[in-house]
Amino acid sequence: MTAAPEPKKVTAAAEPKKKPAGKVPEKGPEFIGDLDQYLFDKGVHYDIYKKLGAHPSTYKGRKGIHFAVWAPHAAAVTLIGEFNGWNESNIPMEKKEPSGIWETFVESAQPGQMYKYLIYTQDGRKLYKADPYANQAEYRPGTASIIADLSPIKWTDGRWMRRQNDFVQDKAPISIYECHIGSWMRHPHGEHEDGFYNYRYFAHSITDYLLKTGYTHIELMGIAEHPFDGSWGYQVTGYYAPTSRYGTPEDFAYMVNYLHSHGIGVILDWVPAHFPKDAHGLSEFDGTPCYEYADPRKGEHPDWGTKVFDFGKSEVKNFLIANALYWIEEFHVDGLRVDAVASILYLDYGRKDGQWVPNKYGGNKNLEAIEFFKHLNSVVRGKHPGVMMIAEESTAWPKVTGRPEDDGLGFSMKWNMGWMHDFLEYMKLDPYFRKFNHNKMTFAMTYAYSEKYCLVLSHDEVVHLKCSMINKMPGLYDDKFANLKCGYTYMFGHPGKKLLFMGQDFAQEREWSEDRELDWFLLQQPRHRQMLDFVTELLHLYKNTPAMYDADCDPRGFEWINADDADRSIYSFLRHSEDGKSNLLFVINFTPVARPDYRVGCVKKCTYRLVLDGDEARFGGRGTSHPVMYKAVESECDGKLYSFAYDLPAYGVAVFRY
């Protein structure tokens, strides 16, 4: 944090020399009024971010910046920044009662200048805190907040936003590309030594990639400001600030606008579960547990070394709910993936006996957190029905996507972690042993309609010595690619929305690291290029075929042909569209044994067209020429009246349309 060479004079608010024509308000709308304090106290001031923080305003006809911060137990608060040479005494802030909000107006302050709050605690300490509601932050390792003016941001995505108002998640194709901007691609001659691309450059590059491959959405990791790269953005200090690693808030808005203009939705990772203990952050913000639970048995995550939000405080819940709305309303994001939901819901999450506090009924459920999620989702989805609220919830908590009025949590979608674990355990097996674990791939269908699911292969599965996706696969070099094609096809055929982490679509070999870009050079090798071509074909088939997505939440949309062919490790099933006019038949062979005499059962006596053949040479297959059309005959197979024969290759993938 650099001090200005000369202190700048702070002009006290004074009467204008000439009375302006017309009636001019004494204060700008950013100033805190009685109604603001009342709503904040009740936890329902949903645009409190327009009041707290630093905002251009007016006072007695003069322009300047209004500053406001919630620090209810502070003995005093002063404002320090570039506009006053970081002088610790000449801008005291006024405390508003009974809310504990402190505010001041500085005429000489301007957008782009750095600042902090100097908080004097009741026990005589001085704390130098960043603004929890700041819209911009200093580039790390600096920790100051920056005055930002969001009003110059211009949006041209009106058509997209109007369409999003009527967006129906359950019936839409949703294939998500999970991405960490800083390690997607590095600039060899970047503005910073880190080599990060600006949001604007990234917008163009990633849009080209997503349009070519066929993803419908991008999910961005680590957008809210955070001090440590190794946290991947999951230990946040600036909840209202797009990280300065990649540019300004205006740059971030440009990126969202550009993606929308090309038909790509934007989802952000959002972290209401915990926050770090960094001195400039939320931890003991006013010298007391302000944002966190006071009791460390509730207020700290022992495994992560972080603080837990106090969901019993209305002001803290207001901070988080308003933050969700901030990203949706100010930056037009289309959804939030809510991180670590289970750690919020369970009081004993990551804690041993004696290290947690039961609820008033003696149980391990955080009743305050349950109410928070119901409140959050009711407000967000009530105001914005087309916005997706996605829960990363790793347990069997009931009704995560159920309606709050039916005692559900109100999320629109839930990550299917159970499917992911079973899928990966199966895929890691030597093909010989898969016949003994056949149910790992079928079990998810027993609960597929209990929630609205997204099938995920996320960043968490390719770090910390878990291996990349391609290196989880058994066998020699070619076998690994063949296995991965089978796995991806099964995933895209299975009910539920889809998510792949960056690099998985071209079979990144090394584990992911935030310290380097993806291994794009691998695309010079045939097998990796062919894998990307196959996933691209799969993504476009998914996006263009209603049978693969519009009945995801309807049991009539999926039908097993044979779920019990364990000895041969072959799975065959149907996907039906909601109107029954779009139908696909999937046949996937998870062993290296070819089945030239394979016969598959059918529910209709009609012609079946081969629309995806994993054996094609362009996908790294043997290049065997297979007929395109197959006519079913009246011959019982798989318990069905009709069937047709197909030369099923080793690790064969075949998708038929009828």
Side-chain angles (χ1 to χ4, degrees), residues 169 173-185 197 199 202-203 205-207 209-224 226 229 231-234 242-243 245-246 255-256 259 264-271 327 333-341 388-394 412-417 419-421 423-424 453-464 466-470 472 484 487-488 491-492 496-508 510-514 516-520 531-532 535-536 538-539 542-543:
Q169 166 203 286
I174 298 175
S175 51
I176 303 168
Y177 186 78
E178 187 189 25
C179 183
H180 179 265
I181 294 178
S183 57
W184 185 70
M185 191 177 288
Y197 277 114
Y199 289 116
F202 174 77
S205 298
I206 196 66
T207 297
Y209 186 82
L210 298 177
L211 289 176
K212 181 179 179 181
T213 48
Y215 292 94
T216 64
H217 292 73
I218 184 170
E219 180 182 315
L220 296 170
M221 297 168 56
I223 291 301
H226 52 284
D229 289 10
S231 78
W232 312 333
Y234 293 109
T243 178
R245 288 166 175 79
Y246 319 124
M255 177 192 70
V256 176
L259 284 159
I264 297 166
V266 180
I267 301 167
L268 299 188
D269 275 6
W270 189 59
V271 192
W327 292 108
V333 303
D334 304 291
L336 298 174
R337 175 267 194 184
V338 184
D339 182 63
V341 169
M388 293 180 286
M389 295 295 288
I390 306 168
E392 188 225 356
E393 203 287 312
S394 55
S412 59
M413 199 187 308
K414 173 182 173 175
W415 274 21
N416 195 336
M417 310 293 278
W419 172 89
M420 178 270 295
H421 286 298
F423 173 84
L424 291 179
Y453 282 116
C454 181
L455 308 186
V456 296
L457 296 173
S458 74
H459 67 277
D460 279 327
E461 312 318 316
V462 291
V463 291
H464 301 323
K466 294 179 185 176
C467 294
S468 63
M469 284 300 300
I470 190 66
K472 294 182 196 295
L484 196 54
Y488 285 161
M491 174 185 182
F492 274 80
K497 310 309 179 185
K498 323 297 177 189
L499 179 145
L500 290 176
F501 181 56
M502 63 182 194
Q504 293 176 354
D505 47 15
F506 65 80
Q508 163 92 7
R510 290 191 292 177
E511 283 192 336
W512 171 61
S513 169
E514 78 282 352
R516 60 174 183 260
E517 71 174 10
L518 296 178
D519 293 336
W520 294 105
M531 176 59 71
L532 182 59
V535 174
T536 297
L538 199 54
L539 283 162
Y542 170 78
K543 185 165 65 172

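The figures here come from the full heavy-atom set of this structure, side chains too, leaving out hydrogens, waters and symmetry mates.
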Does Arg510 have any side chain to side chain donor-acceptor pair (under 3.5 Å) partners at least two apart in sequence or in another chain, and if so, which?
Asp519
Keeping the roles fixed (side chain from [X], backbone from [Y]), state whether a donor-acceptor pair exists under 3.5 Å.
{"X": "Tyr197", "Y": "Ile181", "value": "no"}
{"X": "Arg337", "Y": "Met221", "value": "no"}
{"X": "Ser412", "Y": "Met389", "value": "yes"}
{"X": "Lys498", "Y": "Met491", "value": "yes"}
{"X": "Asp334", "Y": "Val266", "value": "yes"}
{"X": "Tyr488", "Y": "Gln504", "value": "yes"}
{"X": "Gln169", "Y": "Met388", "value": "no"}
{"X": "Trp419", "Y": "Val456", "value": "no"}
{"X": "Thr213", "Y": "Thr536", "value": "no"}
{"X": "Tyr542", "Y": "Ile174", "value": "yes"}

Do [X] and [Y] have side-chain heavy atoms sitting under 4.5 Å apart?
{"X": "Trp184", "Y": "Phe202", "value": "yes"}
{"X": "Met502", "Y": "Trp512", "value": "yes"}
{"X": "Leu220", "Y": "Met255", "value": "yes"}
{"X": "Asp269", "Y": "Trp232", "value": "no"}
{"X": "Leu457", "Y": "Leu424", "value": "yes"}

Does the side chain of Glu178 pick up a donor-acceptor pair with the side chain of His459 at under 3.5 Å?
yes
Residues passing the side-chain contact (heavy atoms from CB on, under 4.5 Å) test with Ser468, sequence neighbours excluded, are Ile470, Asn471
Parallel, tilted or perpendicular: which one describes the rings of Trp520 and Tyr209, with boundaries at 30° and 60°?
perpendicular
Can Glu511 and Lys466 be counted as an ion pair, charged N to O under 4.0 angstrom?
no
Residue pair Thr243 / Tyr199: nearest heavy atoms and the distance that separates them:
O-OH, 2.8 Å
